[in-house]
Undergrad: 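Encoded as structure tokens, here's the structure I'll be asking about.
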Amino acid sequence: MLDVKLLRERPDWAKQELAKVGFAVEAVDLLLECDSQRRRLQHQLDTERAQRARQSRELGRLSAEEREQARDEMRALGARIARGERELAELERRTEAMLLEIPNLPRPQVPVGEGENGNKVVRLELVPRAFDFEPLPHWDLGERLGVIDFERGVKLAGTRFYVMTGAGARLERALVDWMLDVKITEQGYLEVWPPLMVNSAMVLGSGHLPKFRDTMYRDAEEDFWFIPTAEVPLTNLYAGEILDASRLPIYLTAYTPCFRREKMSAGRDVRGIKRGHQFDKVEMVKVVAPEASDQELETLVENACELCRRLEIPFRVVQMCTGDLGFTAAAKYDVEMWAPGCGEWLEVSSCSNCADFQARRAQIRFRRGAGERPEFVHTLNGSGLGLPRTLIAVLENYQNQDGSVTVPKVLRPYMGGLEVIRPPESKRG
RNA sequence: GGAGAGGUGGCCGAGUGGUCGAAGGCACCAGAUUGCUAAUCUGGCGUACUGGGCAACCGGUACCGAGGGUUCGAAUCCCUCCCUCUCCGCCA
């Protein structure tokens, strides 16, 4: 959520910036009109309420007869105030609703562009391995290895669900364990085990509501929303709080399943495990002071890259242009692993600096020192990493001509020392 | 799920219709003082919106779990909901 004052005081600049992210800026004028009405009414109401308070106080000291007389006037004033209050509430509701639909402003260093084409590859590490055979896509590999079962996943739940068994299930678990260990022992993150369902205030705070209502699962009877990412509970961990500056920066990490409806992606990425309704992810969230967030984004990305590097999988970092930032990000990098089987770069991490956008929605503030005014923190989030796509990249990059898959060195301690995942046939032989 | 108790400022805790943004204490900050790692005294010490000074400031309004209601006026009375605690029931 943007600061209304910013829109009020620098409307032209704000509109110019919002145009860069592809927002229809006419909405700003509507909002400002509503806002100025709101302020006018607020001022009038304040005056009337002050008058009522003063006269009511005096009324207490009047004699019985005098009081009877004054009461009629006061009743009228009270009714006028009540009317004004209802009107004010409506105006507040409308301005708030509009404000909640306006996307974040880009940071100044973000390249201006309109969509994917404006994105820039800012880093490329490890050239793709040259295969002397035709690498298989993971859906073939997984089935041949007997570690991914698509049919039974559909039977159990429906399309976009799958089952992992044996070494596949263990590989998933190994990845989670290894990533978390790197986060907490080397990169300074605090491990968190959050609820997988949160209430609507939290999803509003993270910026998923109201705009992305249709992308989430929710309980039909109670105010529970299945988290689409651990970013939601992690970012909101300090919602409504005023933190002491000495606590910043806060680095949080969590492994959680994530749930997404994927209605908007109907027909896209239907094969394989790239895009499911449920997937595992290790998430990183940072809560930092405003002046630190740009630099913190760089290290956040680096934290994600380090995992790719240690898995020894080719990857690149893409800087999102203004047109591809999404709703909440003020700056964003995607980390993509190369998948030689399906022949595409897979987004395994998306790292965003949300600046004070989420902090304002969720009321996450900090105080620099005793007596200082509270300020909004900046929040950042990034995957570290998304599991299915990392798993795809592992399978496809580490596949061998005989259909087996070598286990990345860093994961072997988490796989009981297993070095190669072999198809059932070769196990027998 | 049933019964009971309760939700007040960073914390503890008064307050049952008007002068309460809210006593008192703790914590915290500033100053004073004391020959000493502390005590004492004085003052300050919430958030948001808003008007003016376009700055450290002064004023107004709102906020005592949330939302409604009664009233000239509500932290205080009524209703609904949420949450916490205790006991019982049920259960992974």
Undergrad: Could you give the distance separating B/rG31 and B/rC20 at their C1' atoms, to the nearest angstrom?
TA: 30 Å

Undergrad: Run the ring-centre check on A/Phe357 versus A/Phe327 and record whether the distance is less than 6.0 Å.
TA: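 Yes, they do, as the ring centres are separated by less than 6.0 Å.
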
Undergrad: Choosing from B/rA48, B/rU50, B/rC72, which nucleotide comes nearest the side chain of A/Arg373?
TA: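 Closest nucleotide to the A/Arg373 side chain: B/rA48.
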
Undergrad: Is there a Watson-Crick or G-U wobble partner for B/rC36 with both distances under 3.5 Å, and if so, which one is it?
TA: none

Undergrad: To the nearest Å, how far apart are A/Leu77 CG and B/rC72 P?
TA: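 Spelled out: CG on A/Leu77 to P on B/rC72 is 12 Å.
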
Undergrad: Looking at B/rA22, which nucleotide sits across from it as a Watson-Crick or G-U wobble partner, both distances under 3.5 angstrom, or is there none?
TA: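 Checking every strand shown, B/rA22 finds no partner, since no pair has both distances under 3.5 Å.
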
Undergrad: Please give the distance between the C1' atoms of B/rG13 and B/rG25 as a whole number of Å.
TA: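 Taking atom C1' in both B/rG13 and B/rG25, they lie 8 Å apart.
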
Undergrad: Please measure how far the P atom in B/rC41 lies from the corresponding atom in B/rU47, and state the result in whole Å.
TA: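 Rounded to whole Å, the distance is 27 Å.
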
Undergrad: Applying salt bridge (Lys or Arg N to Asp or Glu O under 4.0 Å), run through A/Asp46 and A/Arg49 and close with a yes or a no.
TA: CA-CA 5 Å; A/Asp46 283 356; A/Arg49 283 200 276 221; 3.8 Å; yes

Undergrad: Separation of A/Phe376 atom CZ from B/rU47 atom C1', in whole Å?
TA: 11 Å

Undergrad: Go ahead and name the base partner of B/rC28; Watson-Crick or wobble counts if both distances stay under 3.5 Å, otherwise write none.
TA: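 The answer is B/rG44, by the H-bond criterion.
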
Undergrad: Taking the P atom in each of B/rG15 and B/rC88, what is the distance between them to the nearest angstrom?
TA: 31 Å

Undergrad: Measuring only the C1' atom in each nucleotide, how far is B/rG10 from B/rG4? A whole number of Å is fine.
TA: 31 Å

Undergrad: Touch check for A/Arg8, heavy atoms < 4.0 angstrom, all strands: base, sugar-phosphate only, or nothing?
TA: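 A/Arg8: backbone/sugar contact only, no base atoms under 4.0 Å.
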
Undergrad: Separation of A/Glu372 atom CD from B/rU47 atom P, in whole Å?
TA: 11 Å

Undergrad: Pick the C1' atom in B/rA3 and in B/rU61, then give their distance to the nearest Å.
TA: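 My reading of the C1' atoms in B/rA3 and B/rU61 gives 43 Å.
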
Undergrad: Are any of A/Arg365's side-chain N or O atoms less than 4.0 Å away from OP1 or OP2 of B/rG46?
TA: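 Negative; the distance criterion is not met.
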
Undergrad: Could you point out which residue of A/Val348, A/Leu385, A/Val282 forms a side-chain contact (heavy atoms from CB on, under 4.5 Å) with A/Leu307?
TA: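 In the set A/Val348, A/Leu385, A/Val282, the residue that makes a side-chain contact (heavy atoms from CB on, under 4.5 Å) with A/Leu307 is A/Leu385.
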
Undergrad: Under 3.5 Å, is there a donor-acceptor pair linking the side chains of A/Asp223 and A/Ser200?
TA: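 Yes - a donor-acceptor pair under 3.5 Å links their side chains.
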
Undergrad: Just by protein heavy atoms under 4.0 Å, how would nucleotides 55-62 of chain B read 5' to 3' in B, S and -?
TA: -----BSS

Undergrad: Starting at CD1 of A/Ile81 and ending at C1' of B/rA74, how long is that distance when rounded to a whole Å?
TA: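 After rounding, the gap between these two atoms is 15 Å.
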
Undergrad: Identify the heavy atoms of A/Gln399 and A/Glu396 that sit nearest to each other, and give their distance.
TA: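 Of all heavy-atom pairs spanning A/Gln399 and A/Glu396, the closest is NE2-O, 2.9 Å.
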
Undergrad: Could you go through A/Tyr251 and A/Asn303, starting from their C-alpha distance and side-chain angles, then the distance that decides it, and tell me whether this counts as side chain to side chain donor-acceptor pair (under 3.5 Å)?
TA: CA-CA 12 Å; A/Tyr251 297 171; A/Asn303 289 159; over 6 Å; no

Undergrad: Starting at the 5' end of RNA chain B and moving along, which residue's nearest nucleotide shows up first, A/Pro374 or A/Arg86?
TA: A/Pro374

Undergrad: Can you tell me the pairing partner of B/rG89 across any strand shown, Watson-Crick or G-U wobble, with both distances under 3.5 angstrom?
TA: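 In the structure as shown, B/rG89 has no Watson-Crick or wobble partner.
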
Undergrad: How far, in whole Å, is B/rG43 from B/rA48 if one measures between their C1' atoms?
TA: 26 Å

Undergrad: Using a cut-off of 4.0 Å on non-hydrogen atoms, how would the nucleic acid contact of A/Arg367 be classed: base, sugar-phosphate, or nothing?
TA: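 Sugar-phosphate, backbone atoms only, no base.
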
Undergrad: Report the distance from atom CG of A/Asn119 to atom OH of A/Tyr333, rounding to the nearest 0.5 Å.
TA: 12.0 Å

Undergrad: Paired with B/rC81: which nucleotide, if any, by Watson-Crick or G-U wobble criteria at under 3.5 Å for both distances?
TA: B/rG65

Undergrad: Could you walk me through whether A/Gln109 and A/Asp294 pass the side chain to side chain donor-acceptor pair (under 3.5 Å) test, one step at a time?
TA: CA-CA 10 Å; A/Gln109 70 274 20; A/Asp294 284 320; 3.0 Å; yes

Undergrad: Could you give the distance separating B/rA32 and B/rA39 at their C1' atoms, to the nearest angstrom?
TA: 14 Å

Undergrad: Both distances under 3.5 Å, Watson-Crick or G-U wobble: report the partner of B/rU70, or none.
TA: none

Undergrad: So, for A/Gly382 and A/Leu300, which heavy atoms are closest and what is the spacing to 0.1 Å?
TA: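 Distance-wise, the nearest heavy atoms are N-CD2, 3.9 Å.
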
Undergrad: Is the ring pair A/Tyr217/A/His277 parallel, tilted or perpendicular, if the boundaries are 30 and 60 degrees?
TA: perpendicular

Undergrad: Looking at B/rU47, B/rG73, B/rC49, which one has an atom nearest to any side-chain atom of A/Arg38?
TA: B/rC49

Undergrad: Rounding to a whole Å, what distance do you find between A/Ile242:CD1 and B/rA48:P?
TA: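 These atoms are roughly 7 Å apart.
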
Undergrad: Counting only Watson-Crick or G-U wobble pairs whose two distances fall under 3.5 Å, which nucleotide matches B/rA55?
TA: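 Partner of B/rA55: none found under 3.5 Å.
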
Undergrad: Distance check: side-chain N/O of A/Arg80 vs OP1/OP2 of B/rC72, anything under 4.0 Å?
TA: no

Undergrad: Whom does B/rC49 pair with, Watson-Crick or G-U wobble, provided both distances fall under 3.5 Å?
TA: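 When the pairing criteria are applied, B/rG60 turns out to be the nucleotide that pairs with B/rC49.
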
Undergrad: Identify which nucleotide among B/rU47, B/rU50, B/rC72 has an atom closest to any side-chain atom of A/Ser56, counting heavy atoms from C-beta outward.
TA: B/rC72

Undergrad: Could you tell me how far apart A/Glu222 (CD) and B/rC83 (P) are, to the nearest whole angstrom?
TA: 9 Å

Undergrad: Measure the distance from CG on A/Leu88 to C1' on B/rU50 and round it to the nearest whole Å.
TA: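 A/Leu88 atom CG is separated from B/rU50 atom C1' by 11 Å.
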
Undergrad: Measure from CD on A/Glu92 to P on B/rU50 and round the result to the nearest Å.
TA: 10 Å

